[in-house]
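What follows is one structure encoded as structure tokens, with my remarks underneath.
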Amino acid sequence: MSSKEEKERSLNFIEEIIEADLASGKHDSILTRFPPEPNGYLHIGHAKSICLNFGLANKYGGGTNLRFDDTNPVTEDTEYVDSIKDDVKWLGFNWVNEFYASDYFDTLYEYAEKLINKGLAYVDETSSEEMAEQKGTPTEPGKRNKFCERSIEDNLRIFREMRDGKHPEGSMVLRAKIDMTSSNMLMRDPIIYRIKFAHHHRTGDKWCIYPMYDLAHGQSDSIEHITHSVCTLEFVPHRELYNWFIEKLEIFPSKQYEFARLNLGYTVMSKRKLKQLVEENYVSGWDDPRMPTISGLRRRGYTPKSIRDFCDRIGIAKRDNLIDVSLLEFFIRDHLNKISSRVMVVSDPLKVTITNIPEGHVENCEIDNNPEDEESGSRIVPFDRVIYIEKEDFMEDAPKKYFRLKPDGVVRLKGAYIIQCDEVIKDASGEVIELKCHYIENSKSGQDTSGVKCKGVIHWVSATHNVPVELRLYDRLFKEEDVNSYEGDFKDLINENSLQIVTAYAEPSLKDATLEDKFQFMRQGYYVLDKDSNEDKIIFNRTVGLRDSWKK
RNA sequence: UGGCUCGUGGUGUAAUGGUAACACAGAGGUUUUUGGUGCCUUUAUUCAAGGUUCGAGUCCUUGCGAGCCAACCA
């Protein structure tokens, strides 16, 4: 996007708030944070949040902290920490600090004692079932139990015993003392510390009590002096609590703002569901090219720029949304069109013998790598007597508008000659198995003086000088666009045919492709070299097909 | 039958009381040695009903609809 366009683009509601805060002198600079929990891989919904948080900081001259929200040791793991860092970097963003909520466990513990000392927190020994019952429902107020009357001294003593491992898991919790009749369920004396005898990926076995999200997140924001703490809409009811803790603890007043999370058609955007797809082997892993994860999109052949452009386009608002996949596809086509080399690959071969080329004769054809990029140069593609073309590029009974090859018809072989079809050879079942053609003299690409007019141009590959490759063709993971609103098990909607593997024949230049190299297979689509490739087998993932406006 | 958030083309996002704009998708045309790309054209009485106003997508009232909230998850 040009800076002019950026200037003209209207502000989203968070930018408006920031500009007002800067203008009023409330803040001199801003600090945001991206706060993933390391319990899964990042997906494109996180990309939206990353682009927002880092984008805001870039735009207004502030910074962004990467902070791992690691307060639940039983679900979290360093594998996820590493993948998250890789993904954020790959997307093109740099954080000013790498922090962990667990860095603040000591402070958070002190905050809890402070609340106890202010008479604003108490140890509750009620069972979780009973506690749920006492909590009431959205339409009925909750009730306090006897434990809330405990003295400050007793609360302090028992809370310390909890910390020291004197009480078994699940036997008691620390709750904030707020309002059991609040219409906001989160204000009904929320649990803020629980006992977990679990090994933490960073603090090891130092703690056996861990703070809950509401005590940890806002306080971490405050400790870091985050000015604008941006999260998704499901945290709206938490804002009241967020502000309550900051007020009662008398600490730096970070402010929380909420925007609508990204929903994309034909996929799911919940870590729980994505994890299920991985663990139950519906996909090959978190980076399966069908997954909406950053690593999956990367392996699929998406570029960081295409994802950033997409996130920029979908905007930031508070309304629930379901983005059309075609928008994502538009941005990757847009980028790949400009940067990828064109190559020829035949995936469903039909043998064509060009009868007026002598056997053993090989002609080198020079073909531009990318008509969209003058700097991209050219390459040599060998052309000889026997070639393969795509089966669908020949039709015996072709409609008038079909301008590829037909009996007695002509077609241009991209970068080579015009050929004319003389004979159609079929097998016993009547299927076309070979074409005999002749090439038109003086019709070579770039030096055509033949005067022969032909509208069609097709891709081809030499039958002797080619390299077999495996193509992995992906389709959408789910059969329904709106997976979220399906009432039953989301797995019912899985598209069983989301992966198709075919063998294809590529021009020789593809032998030199390396990991993540991106190509346009002419007239077919964009492909990327997959990491499963080895010396014996070259594997390409189809990123996305080319637009196809041809209809019979 | 509580509270909160939100309703603008098929999908998103704008319009900050003054001609409903932009992108994607769809349709049509044009260019093209990729049926790709590019270029052009085209698609809305803003959830409903009242009200305020010279003027309402925007403000007010009342409905209606959607999402979220009752984990020792984040």
Side-chain angles (χ1 to χ4, degrees), chain A residues 5 8-12 16 35-37 39 69-72 74-76 101 124 127-128 131-133 135-142 169-175 182-186 188 191-196 209-210 212-214 216-217 231-240 258 260 265 271-272 310 313-331 333-334 337-338 342 344 367-368 371-372 401-404 412-416 418 445-446 448 454-459 481 484-485 520-526 545-551:
Chain A
E5 269 178 284
E8 285 169 3
R9 179 79 72 90
S10 55
L11 304 177
N12 64 49
E16 282 179 357
E37 183 188 9
N39 67 346
D69 229 331
D70 55 350
T71 57
N72 186 359
V74 303
T75 57
E76 294 152 6
D124 192 334
S127 71
S128 61
M131 219 183 279
E133 217 170 284
K135 198 155 194 180
T137 68
T139 50
E140 308 158 43
E169 222 169 282
S171 61
M172 54 185 67
V173 294
L174 185 70
R175 299 176 77 174
S182 173
S183 57
N184 181 349
M185 300 296 289
L186 287 157
R188 322 246 265 222
I191 295 171
I192 56 179
Y193 258 97
R194 77 289 214 192
I195 300 169
K196 273 181 195 288
I209 56 171
Y210 293 93
M212 296 283 287
Y213 168 85
D214 288 296
H217 195 103
C231 61
T232 47
L233 246 28
E234 62 270 31
F235 291 97
V236 167
H238 292 255
R239 191 175 58 229
E240 194 179 355
E258 314 86 10
K271 270 195 267 183
R272 200 199 95 241
F310 170 77
R313 239 307 150 202
I314 58 178
I316 300 297
K318 303 186 81 148
R319 172 180 348 151
D320 289 330
N321 58 78
L322 180 59
I323 309 285
D324 201 319
V325 236
S326 64
L327 189 64
L328 219 209
E329 293 179 344
F330 167 80
F331 284 106
R333 285 196 188 102
D334 191 49
N337 175 50
K338 293 184 180 84
R342 274 59 174 169
M344 296 196 289
I367 304 181
D368 285 343
E372 303 289 316
K401 288 285 211 48
Y402 184 88
F403 43 84
R404 282 110 96 169
R412 156 138 350 246
L413 297 175
K414 172 70 191 178
I418 296 174
S445 193
D448 184 354
C454 81
K455 194 149 190 216
V457 180
I458 63 173
H459 62 281
E481 182 174 27
N484 281 339
S485 57
Q520 184 196 100
F521 290 3
M522 291 195 87
R523 305 206 306 129
Q524 311 251 82
Y526 294 100
L546 252 29
R547 270 183 81 225
D548 183 5
S549 61
W550 187 72
K551 338 170 238 321

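Proteins get letters first, then strands, A, B, ... in listed order; numbering begins at 1 in each.
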Rounding to an integer number of Å, can you tell me how far [X] [atom1] sits from [N] [atom2]?
X: A:Leu233; N: B:C69; atom1: CG; atom2: P; answer: 11 Å
X: A:Asp69; N: B:A74; atom1: CG; atom2: C1'; answer: 7 Å
X: A:Asp320; N: B:C69; atom1: CG; atom2: C1'; answer: 14 Å
X: A:Glu234; N: B:C4; atom1: CD; atom2: C1'; answer: 13 Å
X: A:Asn337; N: B:G35; atom1: CG; atom2: P; answer: 14 Å
X: A:Asp334; N: B:U37; atom1: CG; atom2: C1'; answer: 10 Å
X: A:Met522; N: B:U37; atom1: CE; atom2: P; answer: 13 Å
X: A:Asp548; N: B:U34; atom1: CG; atom2: C1'; answer: 11 Å

Below 4.0 angstrom from OP1 or OP2 of [N], is there any side-chain N or O of [X]?
X: A:Lys196; N: B:C73; result: yes
X: A:Ser183; N: B:C4; result: no
X: A:Arg188; N: B:G2; result: no
X: A:Arg319; N: B:U13; result: yes
X: A:Arg523; N: B:G35; result: yes

Minimum heavy-atom distance [X]-[Y], with the two atoms named:
X: A:Gly545; Y: A:Arg333; result: O-NE, 2.8 Å
X: A:Asp69; Y: A:His217; result: OD2-ND1, 2.5 Å
X: A:Asn337; Y: A:Tyr526; result: CA-OH, 3.2 Å
X: A:Ala216; Y: A:Thr71; result: CB-CG2, 3.5 Å

Which value, in whole Å, describes the distance between the [atom1] atoms of nucleotides [N] and [M]?
N: B:C24; M: B:G7; atom1: P; value: 24 Å
N: B:C54; M: B:A21; atom1: C1'; value: 25 Å
N: B:A14; M: B:A23; atom1: C1'; value: 11 Å
N: B:G55; M: B:G18; atom1: P; value: 14 Å
N: B:U31; M: B:G17; atom1: P; value: 47 Å
N: B:A20; M: B:G2; atom1: P; value: 39 Å
N: B:U58; M: B:C47; atom1: C1'; value: 15 Å
N: B:A27; M: B:G63; atom1: C1'; value: 38 Å

Could you check whether A:Ser182 and A:Asn184, counting side-chain N and O atoms only, form a donor-acceptor pair closer than 3.5 Å? no
Residue pair A:Thr75 / A:Glu37, side-chain donor-acceptor N/O under 3.5 Å: yes
State whether the distance check finds a donor on one side and an acceptor on the other, under 3.5 Å, for side chain [X] versus base [N].
X: A:Glu481; N: B:G10; value: no
X: A:Thr139; N: B:U1; value: no
X: A:Gln520; N: B:U34; value: yes

Closest-nucleotide mapping onto RNA chain B: is A:Pro371 or A:Gly315 further toward the 5' terminus? I mean the 5' end. A:Gly315
Complementary nucleotide for [N] - Watson-Crick or wobble, under 3.5 Å:
N: B:C4; answer: B:G67
N: B:G17; answer: none
N: B:C59; answer: B:G51
N: B:C22; answer: B:G12
N: B:C39; answer: B:G29

Ignoring the backbone of [X], work out which of [options] is nearest its side chain.
X: A:Arg194; options: B:G36, B:A70, B:A74; value: B:A74
X: A:Trp550; options: B:G35, B:A14, B:G36; value: B:G35
X: A:Ala317; options: B:U13, B:U37, B:U5; value: B:U13
X: A:Pro138; options: B:G36, B:U5, B:G2; value: B:G2

Checking all strands, does [X] fall into the base, sugar-phosphate, or nothing category for heavy-atom contacts under 4.0 angstrom?
X: A:Thr71; answer: sugar-phosphate
X: A:Gly525; answer: nothing
X: A:Val236; answer: sugar-phosphate
X: A:Glu37; answer: sugar-phosphate
X: A:Asn184; answer: nothing
X: A:Pro141; answer: nothing
X: A:Ser128; answer: base
X: A:Arg239; answer: nothing
X: A:Tyr402; answer: base
X: A:Leu322; answer: sugar-phosphate
X: A:Phe235; answer: base
X: A:Gly446; answer: base
X: A:Arg272; answer: nothing
X: A:His217; answer: nothing

Does the side chain of [Y] come within less than 4.5 Å of [X]'s, by heavy atoms?
X: A:Pro237; Y: A:Met185; value: no
X: A:Tyr402; Y: A:Trp550; value: yes
X: A:Tyr213; Y: A:His238; value: yes

Apply side-chain contact (heavy atoms from CB on, under 4.5 Å) to residues A:Leu546 and A:Gln520 and explain how you reach the verdict. CA-CA 9 Å; A:Leu546 252 29; A:Gln520 184 196 100; 4.0 Å; yes
Pair A:Asp320, A:Leu233 - check side-chain contact (heavy atoms from CB on, under 4.5 Å), show working. CA-CA 9 Å; A:Asp320 289 330; A:Leu233 246 28; 4.2 Å; yes
With B for base contact, S for sugar-phosphate-only contact and - for none (protein heavy atoms under 4.0 Å), nucleotides 19-25 of chain B reads ---BSSS
Is the positively charged end of A:Lys196 above the ring of A:Tyr210, judged by distance under 6.0 angstrom from the centroid and angle within 45° of the axis? no
Taking the chi torsion of B:A71, is it syn (within 90° of 0) or anti (everything else)? syn
